[in-house]
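Excluded from the calculations below are hydrogen atoms, water molecules and symmetry mates; all remaining heavy atoms, backbone and side chain alike, are included.
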Amino acid sequence: MRPSVSGSRAGMREDIARVMKVADRPSIVMVEGQGSWLWDDAGNRYLDFVQGWAVNCLGHSPRVIVEALHGQAQRLINCSPAYYNEPMARLATLIADGTRLRDVFLCNSGAEANEGAIKLARKWGARYRGGAFEIITMEHGFHGRTLATMAASGKPGWDYLFEPKVPGFPKVPFGDLEAVRRAVTPKTAAVMLEPIQGEAGVFVAGDDWLRDLRRLTRELDILLIADEIQTGIGRTGRLFGYEHAGIDPDIVTLGKGLGGGVPLAALVAGERASCFDYGDQGGTFNGNPLMAAVGCAVVETVRDPQFLDAVAAKGQYLIERLRALSVELGHGEVRGRGLLVALELKDRDAADVSRAALDRGLLINAPRPDTLRFMPALTVSRDEIDQMLDLVRASL
Ligand code: PLP
């Protein structure tokens, strides 16, 4: 059923001209969302397999988030980060329990969480490793769009943007343990990586490699930082992506799904790494009760083992059906874990396919010219996966 649409469409067209052009957006204006579906201001309906770039883990406007926002907005929206508040403390405990790490700093975006991780590793290096400040990161990795997180990223084309770059991020090929070993020097404080390189096109770090990396970083007495911003909060069928390898990182960063659609992120550190002094980290909105209340509702929903098992099962179903489609249409590899999946295309431009899908009422992401990425709500149904596959087949 289509929700009611309000507002003047002509006025909306004039207003969107004022929005800074930092992305090549289609000229549609989204007005409502429910579950896996979105509606634009002309009343067109879209099946959403982008979900805010893997952000809306419970789909659009889920009841638990609406209720958490409503209830908390009536009690307390912001009391300043100078004071503790109840949702902040509750969410910190939920995240600490889930990660088995000790200290949680709540913030507003994935890039901000990663900036915090970089600062923490540098502080740790200064204090415990003779001034070490370098963080080894991965080719094709993605950690955000601030100056330091862009320098930490290995995204092709970013090497010479916004010069001078923040120094201290030597890169190694993803999956190459010997390259990490060779890159470690007395200046090295940490290694940082995504358990699945999402923006690069969904490349899964092997579990063995992650275990070896954990062993090596312990042996060399440097920190291991897991950027779980895309893979965390149930996306891979476990609460955190690194759990598949059975490792414990020293620092974990969370974002995207943690807020289920609202701006919320976290820097999480174990006892060994957690060395900020008062004043080293902070920010006006950090740990505000309104967003933290949403985070509590999300984590309490997602950490349920039945919920996570369902994500893993639907992910398996999506992968199997995509593999069959790929064979049928002569396309390439299907990669991923849980509900973070990619299909490699042969002889088709993924951006063209994504545009053709939009015309048919499907939102799908093309992170690379040869790759489609699927990151639906974790609550997506098998029927919606089937509908998506029909639309992808037609778009291809
Ligand atoms: N790290 C990873 C792995 C991401 O996928 C992203 C966003 O796509 C970020 C960091 C940056 O998060 P944000 O866009 O919230 O700053």
Side-chain angles (χ1 to χ4, degrees), residues 1-70 73 108-111 145 198-199 229-230 233 235 255-265 290-291 294 297-298 339-341 350-367 372-381 383-385 387-392 394-395:
M1 197 180 67
R2 177 163 82 83
S4 62
V5 171
S6 59
S8 146
R9 292 189 64 211
M12 194 102 78
R13 292 285 168 268
E14 283 160 27
D15 292 345
I16 61 174
R18 301 276 69 80
V19 177
M20 192 178 282
K21 303 292 180 283
V22 297
D24 184 12
R25 300 180 172 108
S27 63
I28 52 177
V29 178
M30 297 304 185
V31 290
E32 285 196 42
Q34 273 167 26
S36 289
W37 300 89
L38 264 178
W39 284 263
D40 69 16
D41 65 336
N44 299 309
R45 187 171 86 137
Y46 303 87
L47 179 55
D48 188 359
F49 268 63
V50 176
Q51 288 287 356
W53 276 326
V55 165
N56 307 320
C57 56
L58 304 179
H60 290 284
S61 294
R63 191 178 46 80
V64 286
I65 291 187
V66 173
E67 283 174 3
L69 276 172
H70 188 244
N108 311 291
S109 72
R145 290 172 181 278
E199 300 304 303
I229 285 156
Q230 192 156 144
I233 315 298
R235 177 63 45 192
K256 290 189 183 277
L258 179 63
V262 305
L264 180 65
L290 190 62
M291 299 301 116
V294 174
V298 169
L339 288 168
L340 181 56
V341 178
D352 286 347
V353 177
S354 165
R355 276 188 288 272
L358 179 73
D359 291 342
R360 290 181 159 81
L362 171 67
L363 302 187
I364 202 156
N365 170 252
L372 291 177
R373 181 171 46 165
F374 306 83
M375 37 193 176
L378 305 183
T379 50
V380 71
S381 69
D383 179 52
E384 286 162 345
I385 292 175
Q387 290 184 56
M388 179 279 291
L389 288 161
D390 288 344
L391 290 165
V392 167
S395 308

Sequence-distant partners of Leu391, side-chain contact (heavy atoms from CB on, under 4.5 Å), two or more places apart: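 Scan of Leu391 (side-chain contact (heavy atoms from CB on, under 4.5 Å), adjacent residues dropped) gives Leu47, Arg360, Leu362.
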side-chain contact (heavy atoms from CB on, under 4.5 Å) involving Val55 - partner list, sequence neighbours excluded: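 So Val55 forms a side-chain contact (heavy atoms from CB on, under 4.5 Å) with Lys256.
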Atom pair [atom1]/[atom2] of [X] and [Y] - distance to nearest 0.5 Å:
| X | Y | atom1 | atom2 | result |
| --- | --- | --- | --- | --- |
| Ser109 | Arg145 | OG | CZ | 12.0 Å |
| Asp40 | Glu32 | CG | CD | 11.0 Å |
| Ile65 | Cys57 | CD1 | SG | 6.0 Å |
| Leu339 | Phe49 | CG | CZ | 8.0 Å |
| Leu372 | Asn365 | CG | CG | 8.5 Å |

Measure the shortest side-chain to side-chain distance between [X] and [Y] over non-hydrogen atoms and say whether it is less than 4.5 angstrom.
| X | Y | value |
| --- | --- | --- |
| Leu258 | Val298 | no |
| Met375 | Trp53 | yes |
| Thr379 | Pro62 | no |

Sequence-distant partners of Asp352, side chain to side chain donor-acceptor pair (under 3.5 Å), two or more places apart: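 Asp352 satisfies side chain to side chain donor-acceptor pair (under 3.5 Å) with Arg355 only.
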side-chain contact (heavy atoms from CB on, under 4.5 Å) between Asn44 and Ile28, intermediate numbers included: CA-CA 10 Å; Asn44 299 309; Ile28 52 177; 5.7 Å; no
Pair listing, salt bridge (charged side-chain N to carboxylate O under 4.0 Å, His left out) test, anchored in residues 50-68, at least two apart: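 The answer is Arg63-Glu67.
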Side-chain (Asn56) to main-chain (His60) donor-acceptor, under 3.5 angstrom: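 Here the side-chain-to-backbone pair does not exist.
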Worked verdict on Leu358 versus Leu363 for side-chain contact (heavy atoms from CB on, under 4.5 Å): CA-CA 6 Å; Leu358 179 73; Leu363 302 187; 3.3 Å; yes
Compare every heavy atom of [Y] with every heavy atom of [X], then report the nearest pair and how far apart it is.
| X | Y | result |
| --- | --- | --- |
| Ala54 | Gln230 | CB-CG, 4.4 Å |
| Ser36 | Ala377 | OG-CB, 4.4 Å |
| Ala357 | Ser395 | CA-OG, 3.3 Å |
| Val64 | Ala297 | O-CB, 3.9 Å |

Stepwise side-chain contact (heavy atoms from CB on, under 4.5 Å) check, Ile364 with Phe374: CA-CA 7 Å; Ile364 202 156; Phe374 306 83; 3.0 Å; yes
Contacts of Glu199 that satisfy salt bridge (Lys or Arg N to Asp or Glu O under 4.0 Å) - sequence neighbours left out: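 Salt bridge (Lys or Arg N to Asp or Glu O under 4.0 Å) check on Glu199 returns Arg373.
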Residues which pass salt bridge (Lys or Arg N to Asp or Glu O under 4.0 Å) with Asp359, listed by chain and number, not counting sequence neighbours: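 Not a single residue meets the salt bridge (Lys or Arg N to Asp or Glu O under 4.0 Å) criterion with Asp359.
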Evaluation steps, side-chain contact (heavy atoms from CB on, under 4.5 Å), between Trp39 and Gln34: CA-CA 9 Å; Trp39 284 263; Gln34 273 167 26; 4.0 Å; yes
Listed pairs under 3.5 Å, donor-acceptor, residues 16-25 side chains, sequence neighbours left out:
| from | atom 1 | to | atom 2 | distance (Å) |
| --- | --- | --- | --- | --- |
| Lys21 | NZ | Ile16 | O | 3.4 |
| Lys21 | NZ | Ala17 | O | 3.3 |
| Lys21 | NZ | Val19 | O | 2.8 |

